[in-house]
Structure formats: structure tokens, C-alpha cells
Amino acid sequence: MQGIKRKLLYVTVFETVAIAICTVGFALHSGKSLAHAGALSVATSAIAVLWNFLFTSLFEAWEARQAKGGRSVGRRVAHAVLFEAGLLMVLVPLTAAWLEISLPAALALNVGLAGFFLVYTFVFNWSFDRLFGLPASARK
């Protein structure tokens with residue numbers, strides 16, 4: 001599976017799980033209701049989907065220009081870390097405002113979730129590639 005079909009399937013499955021995890025995490029750490037936390041999770045997911053599409057497109061364009069094909073552990077780690085760092089820059093202020101918590105508290109909450117998602121992203125991407133094959137950009 002390649003192209004837009006691959007991206008849409010990836011994003012749909014990844015974000016569905018992310019919404020569930022974030023809703024529980026936000027509710028537990030903020031004392032807000034699941035509904036309130038869930039609304040933030042959906043907003044966060046929408047932002048993450050847009051960022052995912054943009055970041056992955058840029059990453060795959062870079063990847064296609066590399067002499068060595070495949071997706072090494074280092075390349076997968078770089079993808080996950082860079083993706084999460086960009087996402088944090090947007091989500092920390094949003095989380096602070098939505099949950100009515102301080103920026104440091106929002107940062108701590110998002111860093112905790114980012115730590116989990118670094119592992120989740122790595123495992124999800126590896127599993128996704130095993131199930132559906134590497135994208136054309138990683139094949140040589």
C-alpha cells in the first residue's frame with residue numbers, strides 16, 4: 001500500500017488510539033471531566049493529523065534523497081523525536097489554556113505524553129511497515 005491510502009490508514013489508526021490515551025491522561029492529570037479532556041484530545045488529534053501529514057511528507061521527501069534506503073533504528077528515532085518536538089510547540093499553550101493549568105504544568109503533562117508517544121510512534125511505525133511494507137520513499 002502506497003501514497004495517500006497508506007497515509008490515511010496510518011493517521012486514522014494512530015490517532016484513534018491517541019485520542020483514547022490522551023483523554024485518559026488529560027483527565028487524570030488535570031482533574032477535568034472525561035468529556036472536557038476528550039474535547040481537548042480531539043482538538044489535539046486534529047492538530048497532530050495536520051502536523052503528521054506535513055511532517056511525514058517533508059520527511060519522506062528528505063528520505064527519498066538519501067543514498068541509503070530502508071528505515072534504520074536511527075532514522076526511525078529521528079522521525080519520532082522531530083515529530084514530537086514540533087507538536088509540543090503547539091500543544092503546550094493549547095493544553096494550558098484548555099485545562100486551565102500553568103504552562104509548566106502543561107509542559108510536564110505534554111512531555112510525559114510525548115515520552116509515551118515516542119515509544120508508541122516507534123512501535124506503531126515499525127509494526128505498520130511490517131504489515132503494509134515500506135513506503136516507496138524508503139525502498140532502494
Side-chain angles (χ1 to χ4, degrees):
M1 178 184 312
Q2 296 297 318
I4 194 72
K5 283 184 179 180
R6 178 184 175 84
K7 287 178 174 70
L8 288 173
L9 178 63
Y10 174 96
V11 168
T12 300
V13 175
F14 187 93
E15 292 303 322
T16 298
V17 174
I19 287 170
I21 291 168
C22 287
T23 296
V24 172
F26 290 153
L28 287 174
H29 293 292
S30 71
K32 301 290 184 183
S33 70
L34 283 175
H36 192 80
L40 175 60
S41 295
V42 171
T44 297
S45 178
I47 292 165
V49 166
L50 292 173
W51 175 236
N52 188 336
F53 185 79
L54 175 63
F55 180 80
T56 299
S57 295
L58 293 170
F59 188 87
E60 287 178 358
W62 169 83
E63 184 176 52
R65 293 188 310 270
Q66 302 310 300
K68 187 174 179 181
R71 288 197 171 164
S72 65
V73 170
R75 193 171 285 185
R76 289 176 186 279
V77 168
H79 182 275
V81 169
L82 292 171
F83 174 82
E84 292 298 333
L87 194 57
L88 275 175
M89 291 189 320
V90 174
L91 296 183
V92 168
L94 174 66
T95 301
W98 193 269
L99 297 178
E100 299 172 329
I101 59 177
S102 67
L103 283 172
L107 177 62
L109 177 59
N110 278 280
V111 167
L113 286 173
F116 169 78
F117 276 104
L118 283 172
V119 175
Y120 170 62
T121 300
F122 180 86
V123 171
F124 185 91
N125 285 340
W126 199 322
S127 301
F128 192 87
D129 288 347
R130 296 281 306 217
L131 287 170
F132 298 102
L134 289 173
S137 64
R139 295 186 199 160
K140 297 287 180 193

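For the numbers below, each heavy atom of this structure counts, side chains included, while hydrogens, waters and symmetry mates do not.
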For a quick test of your reading: what N or O donor-acceptor pairs under 3.5 Å do the side chains of residues 82-95 make, sequence neighbours left out?
residue: Thr95; atom: OG1; partner: Leu91; partner atom: O; Å: 2.8
residue: Thr95; atom: OG1; partner: Asn110; partner atom: ND2; Å: 3.1

Please give me the minimum heavy-atom distance between [X] and [Y], naming the atom from each residue.
X	Y	value
Arg75	Gly69	NH1-C, 4.5 Å
Leu134	Gly70	CD1-CA, 4.4 Å
Ser33	Ala27	O-CB, 4.3 Å

For [X], all residues meeting side chain to side chain contact (heavy atoms under 4.5 Å, CB included), sequence neighbours excluded:
X	result
Val73	Val77, Phe122, Trp126
Ala105	Ile101, Ser102
Lys7	Phe53, Ser57, Glu60
Leu131	none

Does [X] share a hydrophobic cluster with [Y], counting links as ILVMFWY side-chain heavy atoms below 4.5 Å and allowing steps through other members?
X	Y	answer
Val17	Phe132	yes
Leu9	Val11	yes
Ile47	Leu58	yes
Val42	Leu8	no

Q) Are any side-chain N or O atoms of Arg71 and backbone N or O atoms of Pro135, one a donor and one an acceptor, separated by less than 3.5 Å? A) no
Q: Taking Trp98 for its side chain and His36 for its backbone only, find out whether a donor-acceptor pair lies under 3.5 Å.
A: yes
**Q.** Heavy-atom side-chain proximity of Leu40 to Cys22 below 4.5 angstrom
**A.**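 No, too far: nothing below the 4.5 Å cut-off.
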Q. Other hydrophobic cluster members with Val24, side-chain heavy atoms of Ile/Leu/Val/Met/Phe/Trp/Tyr under 4.5 Å, chained?
A.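 Leu28, which link up through side-chain heavy atoms under 4.5 Å apart, make up the rest of the cluster.
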Once side chain to side chain donor-acceptor pair (under 3.5 Å) is applied, do any residues pair with [X], and if so which ones, sequence neighbours excluded?
X	result
Gln2	none
Thr121	none
Arg76	Asp129

Q) In chain order, what residues pass the ring pair (Phe, Tyr, Trp, His ring centres under 6.0 Å) check against His79, with sequence neighbours excluded? A) Phe55, Phe59
Q.
Once side-chain hydrogen bond (donor to acceptor under 3.5 Å, both in side chains) is applied, what residue pairs with a partner in residues 12-24 remain, sequence neighbours excluded?
A. Glu15-Ser45, Thr23-Ser41
Q: Return each pair, listed once, that meets ring pair (Phe, Tyr, Trp, His ring centres under 6.0 Å) where at least one residue sits in residues 4-31; pairs must be two or more places apart or across chains.
A: Tyr10-Phe14, Tyr10-Phe124, Tyr10-Phe128, Phe14-Tyr120, Phe14-Phe124
Q | Euclidean distance, Glu100 CD relative to Ser30 OG, rounded to 0.5 Å | A |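 Going from the OG atom of Ser30 to the CD atom of Glu100 covers 9.5 Å.
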